[in-house]
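Comments concern the structure below.
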There are 2 protein chains.
Amino acid sequence: MKVKEVADLVGVSVRTLHHYDEIGLLVPDETTESGYRLYSNENLELLQQILFFKELGFSLQTIKEIVHSPTFDRQEALQMHHQTLLEKRNRLDKMIQTVEKTIQHDKGEIQMTTEEKFEGFDFRSNPYEREARERWGDEAVNRSNEKVAQMGPKIQKEMNDLYFSLASIRHMSPDSEEAQSAIAKWYDLLQSFGNYTPEAFRSLGEMYVSDKRFTKNIDRFGEGLAMFMREAMGVYADRQRK
Amino acid sequence: MKVKEVADLVGVSVRTLHHYDEIGLLVPDETTESGYRLYSNENLELLQQILFFKELGFSLQTIKEIVHSPTFDRQEALQMHHQTLLEKRNRLDKMIQTVEKTIQHDKGEIQMTTEEKFEGFDFRSNPYEREARERWGDEAVNRSNEKVAQMGPKIQKEMNDLYFSLASIRHMSPDSEEAQSAIAKWYDLLQSFGNYTPEAFRSLGEMYVSDKRFTKNIDRFGEGLAMFMREAMGVYADRQRK
DNA sequence: TGTTGACTCTCTCGCTACGTAATACTTTAT
DNA sequence: ATAAAGTATTACGTAGCGAGAGAGTCAACA
C-alpha cells in the first residue's frame, strides 16, 4: 500500500506517515525504485498499535522505545490498551457528570464546591506512561540499545561476532584461557561505550542474568550464554583487581 | 487565589496559567502590588469552560475567540460540551471494541478486515470546532451585521464616517488625543446596539483583529485600521476603569 | 505517443502550547 | 531573622506535525 492509501484508510495525514518514517517510528518494509514507500500488512498492524498508544497520550519517543523494545509483547500491550481505555472512559464519564452538574448549578438548581467543578480534568502526568515504560521501555535496556545503535554498524558487527565466538565456547569453563581472552575482548569493546571499571563490568555481567530482557537478548546466540558470560566476567573482574 | 492554588486545584501547571495570561485567554481579575496574579471565582469558571473546550480539541486561539465573543452564551456552550462529550465517548467505545476484537483476532479466534482494525480512530478534522465557530464566531459577525442593518441607514452613515475619520488618523498613536476622542464617539455609537461595558468594548476590539471577517471588513477603510482600533479601544477601556 | 492529473519525493520553514531553566523579588513559616 | 516556598519575567527549547515549493513518477486517456 502506498502512503495515501494508508492515510485514507486510517485517517491520518500523509505528512504524519512521512514524519513517522523520519523519526524511525514506522519505517515501511519496502520502497520502490523511485523511492515510493510501500507499507506491508505488518506495518499496518504496528501503526494500529502506535495509534492506540497515541490515544493514551504517549509521546512518539516513548512509543518508539516501547514498540521496538526486544521484550515488547503485543498481547500484553493490547491488554494494557484495553485496561487504560476503560479508565479513560471513566474519566470521560466524570467529565460528563461535571458538565451536567454545572448546567444545573448555573440554573441555580444545585450547589457545587470548587473542586467539583473540575472533577474529571486533571492533566497531571499520565500514569500509564510511567507504568508502560517500566514494563517495556526500561531505561537500562533502551540506553544500551540506543548506544549500540549510535556506535554505528561496524561496532554492532564486532559485537555480534564476539557474541558468536562466546557462544561457541560457552560449554567450556569460564576461567579457561579461551573464555578469558574472549571476555577480555568484550571488556575492551565496552570501553568504547563509557568507562567501565572492572567492578562495573562485573555488575553488568550480573544484570545479564538478573534482567530477563538482557538474558533473552543474549541467549538468542545460544542458550545459557548469558550465564556463561556472567561467570566469565566475574572471573575477569577478580583477576583485574590484583 | 494565587497561581499555585489554582494550578493544584484544577490540575494544570503554573506555566500554563502564565501562558493563558500572556495570550489574553485567561487574565486574572486582580494582581497584587507586587505583581502576583489573583484569580477570582469568575476566572475559575472561565477556566473550567476553557478546559472543556480544550478537551474537545479546540485550539487556544479558537477558544479565545469563542469565550470572548460578545454573543457567547454559557448555557448554550455547556449544552454543546455535553453533546460532544457524549460523542467522544462513543468514539472511545468503538476503540475499546476494536481493541477487544484485535485481541481475539491475534489469538486466531476471529477475522478482521483492515478497516475494522482502525475503527474508532480517525484523526481527521475536528467537526465540533467548525460547528462551534459557526455558532459563535460566525454568529458574532452575522448578528453584528444584522443589527447594523436594523439600525437604519443614518446610523450606517455615521459608522462609515467614523471609520473614515479613524482611518485618516490611524498612523497616530492610539493613546493620542485625536484617537481617543474618535474612539469615544465609536463607543457612544455602539451604545445604540446594546449595553457595552468598557470591558466588552475592549474584547470587541480584540475581535476586530482576531477574527478575520471583522478585520477584512474594517481594513477596507485603510490597511491596519482594525489593529489601530483595537489598540485605541484597549486604551479607552483602561481609562474608563478608573 | 504525448499529455494530463493525481501521487509521490525531499527540503525547509512555521506554528502551537507549553517545558525548562535562570535570575530576582516576595511572602510565609519557624 | 533567616530559610523555604512561592512568584514574576525573560528567554530559549521542544514535539508533532501543517503548508508549500520544486521536481520526479505513474496510470489513464486522447
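Residue numbers start from 1 in every chain, and the chains themselves are labelled A, B, ... in the order their sequence lines are given, proteins ahead of strands. The structure displayed is predicted, hence computed values, not measured ones. The basis for the numbers below is simple: all heavy atoms, side chains too, and nothing from hydrogens, waters or symmetry mates.
For A:Y36, the listed nucleotide lying nearest its side chain is D:dG24; candidates were D:dG24, D:dG18, C:dA17. Among the nucleotides D:dT7, D:dC17, C:dA17, the one closest to the side chain of A:H19 is D:dC17. Of all nucleotides listed (D:dG18, D:dA8, C:dC18), D:dA8 comes nearest to the side chain of B:V3. Closest approach to the A:T16 side chain among D:dC17, D:dA11, D:dG24 is made by D:dC17 (side chain taken as heavy atoms from C-beta onward).
Residue A:L26 contributes atom CG, which lies 15 Å from atom C1' of D:dC17 at whole-angstrom precision. When rounded to the nearest whole Å, the span between CG of B:L17 and C1' of C:dC18 equals 12 Å. Regarding A:Y39, its OH atom lies at a distance of 10 Å from the P atom of C:dT8, rounded to whole Å. Computed from coordinates, the A:I50 CD1 to D:dC17 P distance equals 11 Å when rounded to whole Å. Taking atom CD of A:E33 as the reference point, atom C1' of D:dC26 lies 13 Å away to the nearest angstrom. Computed from coordinates, the B:E5 CD to D:dG6 P distance equals 10 Å when rounded to whole Å. B:I63 places its CD1 atom 11 Å from the C1' atom of C:dA17, with the value rounded to the nearest Å. Rounded to an integer number of Å, the gap from B:F58 CZ to C:dA17 P is 13 Å.
DNA chain C is contacted by both A:K2 and B:Y20; A:K2 maps to the nucleotide lying nearer its 5′ end (nearest heavy atom per residue). Summary of the strand contacts: B:E22 and A:V14 both lie near DNA chain D, and taking for each the nucleotide with the nearest heavy atom, the more 5' one is attributed to B:E22. Between B:G35 and A:R15, the one whose closest nucleotide on DNA chain D sits nearer the 5' end is B:G35.
There is no side-chain donor-acceptor pair under 3.5 Å between B:H68 and B:E206. Side-chain contact, A:E116 with A:T98: no donor N or O sits under 3.5 Å from an acceptor N or O. Counting only N and O atoms by type, the side chains of A:E100 and B:H82 include a donor and acceptor under 3.5 Å apart.
Counting any heavy atom pair closer than 4.0 Å across all strands shown, B:T32 reaches no nucleic acid atom. In this structure, B:S13 reaches the sugar-phosphate backbone alone: every heavy-atom distance under 4.0 Å involves primed, P, OP1 or OP2 atoms, never a base.
Taking only side-chain nitrogens and oxygens, A:H18 never comes nearer than 4.0 Å to OP1 or OP2 of C:dT10. Using a 4.0 Å cut-off, some side-chain N or O of A:R37 falls inside it from OP1 or OP2 of C:dC9. Between A:K4 and D:dC26 there is no side-chain polar atom (N or O) within less than 4.0 angstrom of OP1 or OP2. A sub-4.0 Å separation between OP1 or OP2 of D:dT7 and a side-chain N or O of B:S34 is absent.
Across all their heavy atoms, B:R74 and B:Q48 have their closest contact at NH2-OE1, 3.9 Å.
Rounded to the nearest 0.5 Å, atoms CD (B:Q61) and CD1 (B:I23) are 7.0 Å apart.
Test A:T32, A:D21, A:T31 against A:R37 for side-chain hydrogen bond (donor to acceptor under 3.5 Å, both in side chains) and you get one pass: A:D21.
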